[in-house]
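Report on the following structure.
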2 protein chains.
Amino acid sequence: MATSTVENYLKHILLLSAEGEELVPMGALAEALAVVPGTVTTMVKALADSGQVEHRPRQGVRLTAAGRRVALNVLRKHRLVECFLVNVLKMDWAAVDTEAEQLEHAISDEVLDRLDALLGHPETDPHGDPIPSRHGQLDSQVYATLATCVVEKALRIVRITDQSAEFLQFAVQNGLLPGETVRVTERNLASGLVTAKKITGRPLALGLAAAGKILVQPTR
Amino acid sequence: MATSTVENYLKHILLLSAEGEELVPMGALAEALAVVPGTVTTMVKALADSGQVEHRPRQGVRLTAAGRRVALNVLRKHRLVECFLVNVLKMDWAAVDTEAEQLEHAISDEVLDRLDALLGHPETDPHGDPIPSRHGQLDSQVYATLATCVVEKALRIVRITDQSAEFLQFAVQNGLLPGETVRVTERNLASGLVTAKKITGRPLALGLAAAGKILVQPTR
DNA sequence: AGATTTATTTTGACTATTCAAAATAACCGA
DNA sequence: TCGGTTATTTTGAATAGTCAAAATAAATCT
């Protein structure tokens with residue numbers, strides 16, 4: 001059985017390889033896991049020995065099929081737990097990531113399935129992140145963001161890609177939640193400023209980086 | 001923050017010291033934790049250094065006030081999680097102990113409180129074991145068992161003190177659940193045999209050891 | 001008391017995970 | 001192609017938790 005350290009390595013490799021095949025640089029992984037790069041090298045070599053990742057020295061890591069299976073299962077646990085914490089326990093949207101970080105390694109597949117049923121088989125977690133299916137399907141649609149979308153068009157927010165409590169708090173305070181409808185009224189690449197407006201609301205200015213963390217799709 | 005290993009040591013010391021002050025022998029602790037005795041000695045010395053237990057060399061260990069506080073919190077988590085798994089997720093009575101074993105170290109106090117509220121502040125877990133209160137009160141009433149109670153009197157089952165899946169399964173199959181009413185119709189110390197009957201049922205024979213694991217109280 | 005059994009502690013070693021710092025390789029600009 | 005960044009790997013050491021087996025103390029039994 002994978003230790004929770006191993007689960008974390010695999011989960012973060014999955015998360016950093018976005019869609020598919022790309023090699024994750026060791027440095028990026030070290031940063032994500034908050035350990036020094038040398039530690040990642042050591043650990044990745046061990047993971048490679050156990051067949052969970054493929055290590056290309058000096059280039060990066062990539063999950064094997066086996067590693068990906070484990071990673072998706074952990075991610076599924078993480079996101080379903082977040083749903084539970086927000087929908088059932090009514091916890092703060094911004095706080096649940098940290099909680100789920102622990103719980104994802106402690107809950108069994110049995111509990112996972114029952115939680116999934118209790119929640120009505122949700123497809124995304126409260127931040128809009130897609131929940132991998134029981135057998136490893138992960139929605140990987142590419143969305144526009146407030147930094148890249150067309151202007152003056154009504155769009156539905158589908159997802160917030162920054163899990164930090166600060167950013168999520170900011171999002172809540174400005175009503176930038178998945179499901180809400182917004183329109184970008186102005187975007188100036190030079191100044192790096194984006195102005196967005198909710199249907200019923202005052203204009204809100206935010207930087208390009210922040211705008212890029214909010215994924216949107218055409219209102220259906 | 002206490003590691004989950006430390007939490008387990010403290011929890012088991014609490015459980016083994018039943019009520020109060022007794023020193024828990026190192027061997028008993030080693031057995032409960034499924035490690036060799038030498039390991040316990042090493043670990044207990046570390047726990048003593050950090051002020052969580054008092055170690056009497058060659059005699060045993062005992063929790064300090066600080067250690068007891070931690071242990072009660074872990075036990076509270078364990079038992080509330082069991083309630084959740086049985087009452088909300090409808091999991092098998094006999095399987096939840098193992099699950100809770102993991103979850104008790106992963107859930108935060110915040111989640112704990114909300115779980116407690118969701119469940120309606122239960123006083124006992126599904127096996128009848130008392131749940132320590134938020135601030136460390138633990139019901140320590142001494143109950144009679146089917147091995148020690150008066151015969152021919154109707155009694156309510158309050159608790160099953162063996163958490164092993166096998167025993168719990170046996171209990172379920174014979175309807176020996178907390179809340180049920182039973183009567184001991186016969187007890188023979190010599191043969192070590194106890195015969196019990198549910199109000200609406202055929203007599204059931206069980207050994208003294210098994211009978212001693214079922215706690216009862218007078219029907220109110 | 002002396003010998004024996006039993007519980008506990010000590011010792012030495014091992015695994016998993018981590019860090020700091022030095023060594024190495026790859027890349028990049030002129 | 002040379003020199004310098006920058007990323008990665010290596011090396012040596014630390015911590016937490018564990019085991020096996022030898023040493024020791026305590027309790028027990030003649």
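Letters A, B, ... mirror the listed sequences (proteins, then strands); counts begin at 1.
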Quick note, B/Met43 side chain, CB onward, closest among C/dT8, D/dG17, C/dT17 is D/dG17

Per atom distances to the B/Val6 side chain, the nearest of D/dG17, D/dT9, D/dT18 is D/dG17

Taken to the nearest whole Å, CG/B/Asp49 to C1'/D/dT15 is 15 Å

Between CE of A/Met1 and C1' of C/dT15 the distance, given in whole Å, is 18 Å

From NE2 of A/His105 across to P of C/dA16 the rounded distance in Å is 18 Å

Considering only heavy side-chain atoms of A/Pro25, the closest of D/dT8, C/dT9, D/dT9 is D/dT8

Atom CG of A/Leu33 and atom P of C/dC19 are separated, to the nearest Å, by 10 Å

Picking from D/dC19, C/dT18, C/dT8, the nucleotide nearest the side-chain atoms of B/Val36 would be D/dC19

Rounded to whole Å, the CD-P distance (B/Gln59 to C/dT9) equals 10 Å

Q.
Does C/dT18 have its OP1 or OP2 closer than 4.0 Å to a side-chain nitrogen or oxygen of A/Tyr9?
A. yes

Are OP1 or OP2 of D/dT8 and a side-chain N or O of A/His55 less than 4.0 angstrom apart? no

When you compare the side chain of B/Arg62 with that of B/Ile13, does any pair of heavy atoms fall below 4.5 Å? no

Practice prompt. Look at B/Thr3 and D/dG17 and indicate whether a side-chain polar atom (N or O) is within less than 4.0 Å of OP1 or OP2.
Written response: yes

Which part of the nucleic acid, if any, lies within reach of B/Thr5 when heavy atoms closer than 4.0 Å are counted: base, sugar-phosphate only, or nothing? sugar-phosphate

Exercise. Classify the side chain of B/Arg58 and the base of D/dT24 as holding, or not holding, a donor-acceptor pair under 3.5 Å.
Key: yes

For residues B/Asp125 and B/His78, is any side-chain donor paired with an opposing acceptor at under 3.5 Å?
-> no

Quick note, B/Thr39 side chain, CB onward, closest among D/dT8, D/dT18, C/dT18 is D/dT18

Closest of C/dT9, C/dT17, D/dT18 to the B/Pro37 side chain is C/dT9

Notebook entry, point to check: What is the nucleic acid contact for A/Gly38, judged by heavy atoms within less than 4.0 Å: base, sugar-phosphate only, or nothing?
Noted result: base

Salt bridge (Lys or Arg N to Asp or Glu O under 4.0 Å) test vs A/Glu104 passes for just one of A/Arg76, A/Lys11, A/Arg79, namely A/Lys11

Backbone N/O of B/Leu168 and side chain of B/Trp93: donor-acceptor pair under 3.5 Å: no

Taken to the nearest whole Å, NZ/B/Lys45 to C1'/C/dT8 is 10 Å

Would you call A/Gln163 and A/Glu82 a side-chain contact if the rule is heavy atoms closer than 4.5 Å? yes

